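First comes the structure, then the notes that go with it.
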Amino acid sequence: MASYETDEPIGYQTLDGVARITLNRPLYGNAQNGQLLYALDDAFARANADDAVGAIVLAGAGKHFSSGHDIGTPGRDAEETAPRRVTLWPDHAGRPGAEAAYVREQELYLGMCRRWRAAPKPAVAAVQGACIAGGLMLAWVCDLIIASDDAWFCDPVLRMGVPGVEYFAHAFEMHPRVAREFLFLGENMSAERAHALGMVNRVVPRAELEATAQAVAQRIAALPRMGVMLAKQAFNLQEDLAGKRATMDAVFHMHHLAHAQNMMTSGSAIGGVTARDIAGKDNE
Ligand code: ZN
């Protein structure tokens, strides 16, 4: 059984038309377990249902925005029954072979991220420190990304034999040439480079991150609600017509072929790679 270090893995506050949603597992770099992801879904639902909220800031408590999916904290709950469903995929717990990981990731990773991206109200990610693998997914589903100058981005999952995170938006977030480099080399990308590539909207000193994200979100929140919701959908539609959704559907299955290959050859869906292997890799 998972041993949770907190009952509040997500923080929620509202201020001047903005809902500030905070990933709140700072002890573990805001690693994403099921407990956090369902609480995050609740927070997105709450913000989108509240007429007093016009925009969302998604932030991370502590030193890092998110170290990715939880692959090894005491709160890792990947084998356990989830509290509810946000998609119509059944619960994953105890399913045989490749099915458990497949239905779990349809719900928790691909399903939830798509649901948040499709939410009517714009979200601004406020990213500091590490934004690794599953952390990228949370930043990428937001409409704007504000980074502090100490932020860095990385998708190291090819070291696990897996072709990128479940939300395969790499070549939409950056030029395909750069996306290949990002994934093949798995190097850390600085906030400065991410800004130069257009993946990040603004880079600010760490001390100004919260205020800048709030100010940007407040400007959006002050605009006419219907127009903003339509504008967001227009951009989502354009990206999907350019292949974003179809690419993600296809690559999700390659991702799960890779998980199955790992299970067959090593007995571990991620090839026995640990959080320490990832964190300990100096790839600067
Ligand atoms: Zn996966």
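Just follow the structure's listing: the first ligand is 1, and inside any ligand the first atom is 1. Just so you know, these numbers use all the heavy atoms, side chains as well, and skip hydrogens, waters and symmetry mates. Note that the numbering runs from 1 along the sequence shown for the chain. On a predicted model such as this, the values are computed, not experimentally measured, just so you know.
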Taking it one step at a time, do Arg104 and Glu99 satisfy salt bridge (Lys or Arg N to Asp or Glu O under 4.0 Å)? CA-CA 8 Å; Arg104 179 171 184 273; Glu99 187 179 350; over 6 Å; no

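Summarising the geometry of Ala147 relative to Phe153, their closest heavy-atom pair is CB-CZ, 4.4 Å, with the distance given to 0.1 Å.
The Zn ion (ligand 1) has no N, O or S atom of His256 inside 2.8 Å of it.
With respect to the Zn ion (ligand 1), Glu166 has OE2 as its nearest N, O or S atom. The atom name of the N/O/S atom in His259 closest to the Zn ion (ligand 1) is NE2.
The OE2 atom of Glu105 and the NE2 atom of His255 subtend an angle of 150° at the Zn ion (ligand 1), given to the nearest 10 degrees.
With ring centers used as reference points, His259 lies 6.0 Å or more from Tyr102.
Of the charged side-chain nitrogens involved, none lies within less than 4.0 Å of a carboxylate oxygen, so that Glu107 and Arg114 do not count as a salt-bridged pair.
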